[in-house]
Amino acid sequence: MHSVQEKLQVYAPATGKYLGAIEETPAELVGDFYQRGRNAFEAWSQLSVRERLQYLRKLKEYMADHMEDIARIISDDTGKVMTEALVADIMPTLDAISHICSHGEKILRRQKAGTPLLLIGKKSFIEYMPRGVVLVISPWNYPLQLAVVPMVSALAAGNSVILKPSEVTPLVGKCIEELFDKIGFPKGTVQVAHGGKEVGAAFTAGKPDYIFFTGSVRTGKIIQEAAAKELIPTTLELGGKDPMIVFADANLKRAAKGAVWAAFTNSGQVCMSAERLYIERSVYKEFMKLLRTEVAGLKMGTDENSDIGSMTFPGQIQIVREQLEEALSRGALLETGKRPEEWEEGMFLPPTVVTNVSQDMKIIQEEAFGPILPVIPFDTEEEAIALANGTEYGLNASVWSMDMTKARRVASRLVSGAVVINDAIITVANHGLPFGGAKQSGIGRYHGDAGLRIFCHEKAIIEDSGKKVNEIQWYPYEGKYPLFLKLFKSYFQRKRNWTEFGRNYLKLLKK
Ligand code: ADP
């Protein structure tokens with residue numbers, strides 16, 4: 001029995017209601033988790049991809065049958081509205097599983113590769129060998145998707161998995177554990193360890209074969225440092241400060257609606273939310289008017305028809321407050337929302353649009369993870385690109401224009417893991433596209449083919465029929481050097497000389 005102190009007490013952020021307690025995983029059990037994970041790996045990795053995908057299919061069907069219950073748990077635990085629990089957390093998870101079930105076998109099977117002429121007579125292949133026990137450490141903002149998608153990817157590839165979900169949303173962590181339990185994965189194949197950063201650190205130190213981390217830049221760096229000591233490979237999905245560029249020739253009404261959604265969905269607690277809005281100066285006034293109208297129509301609350309839920313994590317409110325206070329003290333203006341000292345008690349923050357902002361303010365440079373949207377006008381395409389690229393992040397971005405040539409040109413020049421034209425955020429919802437960041441937004445990609453293959457060692461294989469007794473590059477070397485010289489020159493020189501190549505090759509064969 002563990003004492004009360006070793007339980008995560010859960011309160012609904014939106015209502016303050018007590019939701020229960022989740023028992024923390026004691027650090028001394030880390031070794032047992034890895035032992036079970038390694039034992040399970042032996043059998044799980046030997047199943048065919050098709051057999052493994054059967055489990056994932058069952059998981060998808062079970063989740064589809066229990067969608068409303070899962071949405072309720074997510075909404076209670078995070079404060080996000082039910083619609084967003086469904087559309088932005090459950091749907092992408094189910095779609096990812098569907099994608100993996102449809103394409104997993106093709107992506108993970110042995111691939112034929114080309115063989116160069118100098119290795120004539122041989123065949124080349126690439127094989128994908130699972131790594132072992134994968135540790136997934138996940139955050140609280142999309143607590144289902146950002147845990148389950150890496151988990152199912154690692155599982156499909158043949159690994160066993162230990163999940164350490166965020167302590168901020170432990171009910172969802174428990175829900176994930178129960179979902180996998182219900183499906184009946186072989187014992188030890190999927191394990192969930194509950195607790196905070198100490199538990200995360202203890203599992204990181206437990207020598208997993210791969211770490212898949214989603215969370216803050218700060219923690220990502222701590223994990224990368226720990227992983228480096230043991231040469232443990234990682235994927236780090238970190239923060240973002242995504243720019244949205246609106247050109248004068250955009251569909252302004254759509255762009256205004258898009259900006260409001262992209263900035264305030266999930267109360268802005270989205271690594272890919274629109275966090276900086278750059279508007280071409282000639283339409284600035286008109287656009288701001290549209291933006292204010294859109295924000296005025298938003299409903300905050302907890303019912304099914306609400307647009308904006310509460311913040312999830314109290315510490316986040318302080319970060320938003322500090323950024324806003326710094327901006328206001330330096331002359332920024334509130335277009336919507338309230339000054340921090342006027343905020344109401346509790347976890348709801350008003351959607352806040354801020355103007356008269358400069359590029360060096362924290363509100364532009366640092367991830368806010370809250371419902372604030374700073375706006376800056378620009379004059380030229382070059383300036384817009386420079387401003388958009390002017391932070392240390394590079395996760396996602398959006399470009400709004402009816403001129404596709406211009407929009408594509410700008411998109412190509414943004415240092416960003418993804419860019420959306422005339423929409424925002426949604427690359428994450430296409431599991432066929434790679435997901436990940438540039439600069440401080442992270443290391444590595446998942447989703448798509450890469451999303452399964454990162455969880456494997458890529459193995460190069462060459463096959464020879466074994467019929468020949470010798471190879472030209474084997475011993476003895478006597479008399480071979482001048483022949484190799486001629487062979488390679490005839491092959492690599494500007495114009496290939498096949499006669500010379502053939503003659504020397506035959507001579508080498510006879511040596
Ligand atoms: P966020 O603020 O987005 O939750 P964090 O990086 O603090 O970002 O947390 C993301 C996940 O990382 C959580 O599951 C958390 O418990 C875990 N975590 C935090 N610190 C560490 C650490 N030092 N080692 C391992 N995991 C950690």
Side-chain angles (χ1 to χ4, degrees), residues 6-10 13 22-27 30 33-34 74 77-80 89 133-151 161-177 191-208 210-230 232 234-242 266-273 275 311-320 322-323 347 366-370 393 395 437 440-443:
E6 288 164 317
K7 288 189 171 179
L8 296 162
Q9 304 294 331
V10 195
I22 305 287
E23 211 158 300
E24 280 202 37
T25 304
V30 168
F33 268 67
Y34 279 103
I74 295 172
D77 212 10
T78 58
K80 71 175 77 187
D89 213 6
V133 185
V134 171
L135 174 63
V136 175
I137 300 180
S138 59
W140 47 261
N141 60 336
Y142 290 95
L144 186 82
Q145 181 194 168
L146 299 179
V148 174
V149 176
M151 287 171 83
V161 168
I162 297 173
L163 168 71
K164 207 302 280 171
S166 173
E167 69 278 23
V168 178
T169 48
L171 283 189
V172 180
K174 194 73 196 165
C175 167
I176 294 171
E177 183 176 16
Q191 301 178 85
V192 181
H194 302 279
K197 63 175 173 201
E198 293 76 18
V199 176
F203 275 87
T204 303
K207 300 195 188 165
Y210 197 90
I211 302 175
F212 190 101
F213 172 77
T214 309
S216 63
V217 176
R218 193 179 49 79
T219 307
K221 288 181 179 174
I222 294 171
I223 287 176
Q224 184 75 349
E225 230 180 294
K229 293 208 177 83
E230 297 295 336
I232 297 168
T234 62
T235 300
L236 303 179
E237 297 291 349
L238 310 177
K241 189 75 188 173
D242 298 352
N266 209 35
S267 285
Q269 303 167 112
V270 189
C271 51
M272 307 173 91
S273 60
E275 286 214 36
M311 297 291 282
T312 302
F313 179 49
Q316 208 52 50
I317 296 182
Q318 192 50 28
I319 295 170
V320 176
E322 279 165 21
Q323 288 197 8
M347 295 285 284
E366 294 176 14
E367 185 165 35
F369 239 59
Y393 292 101
L395 190 58
Q440 299 282 299
S441 290
I443 298 179

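Quick note: numbers below take in every heavy atom, side chains included, and nothing from hydrogens, waters or symmetry partners. Note that the numbering runs from 1 along the sequence shown for the chain. Just follow the structure's listing: the first ligand is 1, and inside any ligand the first atom is 1.
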Inset, instruction - Taking all heavy atoms of Leu171 and all of Ile22, pick out the closest pair and write down the distance. - result: CD2-CD1, 3.9 Å
Legend entry - Closest non-hydrogen atom pair between Leu395 and Met272, with its separation: CD2-CG, 3.8 Å
Inset, instruction - Answer side chain, backbone, both or neither: which part of Ala226 comes under 4.0 Å from ligand 1, heavy atoms only. - result: neither
Inset, instruction - May I ask you to identify the nearest protein heavy atom to atom 17 (C) of ligand 1, giving residue, atom name and distance to one decimal place in Å? - result: Ile137 CG2, 3.6 Å
Legend entry - Val168, portion touching ligand 1 at heavy-atom distance under 4.0 Å: neither
Legend entry - Nearest heavy-atom neighbours spanning Pro165 and Ser138: CA-OG, 3.3 Å
Inset, instruction - Under 4.0 Å from a heavy atom of Ile222: give me the atoms of ligand 1 that qualify, with their elements. - result: 23 (N)
Inset, instruction - State whether any protein heavy atom lies less than 4.0 Å from atom 24 (N) of ligand 1. - result: yes
Legend entry - Heavy-atom pair of closest approach, residues Ala147 and Ile176: CB-CD1, 3.7 Å
Inset, instruction - Verify the distance criterion only: is there a donor paired with an acceptor across the side chains of Tyr210 and Thr235 at less than 3.5 Å? - result: yes
Legend entry - Identity and separation of the nearest protein heavy atom to atom 20 (N) of ligand 1: Lys197 CB, 3.1 Å
Inset, instruction - Pull out every atom of ligand 1 sitting under 4.0 Å from any heavy atom of Lys164, numbered as shown with elements. - result: 13 (C), 14 (O), 15 (C), 16 (O)
Inset, instruction - Give a yes/no on ligand 1: does Thr204 have at least one heavy atom closer than 4.0 angstrom to it? - result: yes
Inset, instruction - Identify which of Ser166, Gly200, Gly215, Ser138 has a heavy atom lying nearest to atom 11 (C) of ligand 1. - result: Ser138
Inset, instruction - Mind listing the closest non-hydrogen atom pair of Thr78 and Thr312 along with its distance? - result: O-OG1, 2.6 Å
Inset, instruction - Would you name the heavy atoms of Glu366 and Gln323 that are closest together and state the gap between them? - result: O-NE2, 3.2 Å
Legend entry - Nearest non-hydrogen protein atom, atom 15 (C) of ligand 1: Glu167 OE1, 3.5 Å
Inset, instruction - Ignoring hydrogens, just give me the one of Phe213, Trp140, Phe313 whose non-hydrogen atom is nearest atom 2 (O) of ligand 1. - result: Trp140
Inset, instruction - Ignoring hydrogens, just give me the one of Val136, Thr214, Thr219 whose non-hydrogen atom is nearest atom 10 (C) of ligand 1. - result: Thr214
Inset, instruction - Measure up the Phe369 and Trp140 rings against each other and bin them: parallel (under 30°), tilted (30 to 60°), perpendicular (over 60°). - result: perpendicular
Inset, instruction - Output yes when a side-chain donor or acceptor of Ser166 lies under 3.5 Å from a complementary backbone atom of Val168, and no otherwise. - result: yes
Legend entry - Validation row: Gln440, Leu238 side chains within 4.5 angstrom (heavy atoms): no
Legend entry - Close-contact set for ligand 1 against Pro165 heavy atoms, below 4.0 Å: 14 (O)
Legend entry - Nitrogen or oxygen of Ser216 less than 3.5 angstrom from that of ligand 1: yes
Inset, instruction - Measure the distances from the heavy atoms of Gly220 to every atom of ligand 1 and state whether one is below 4.0 angstrom. - result: no
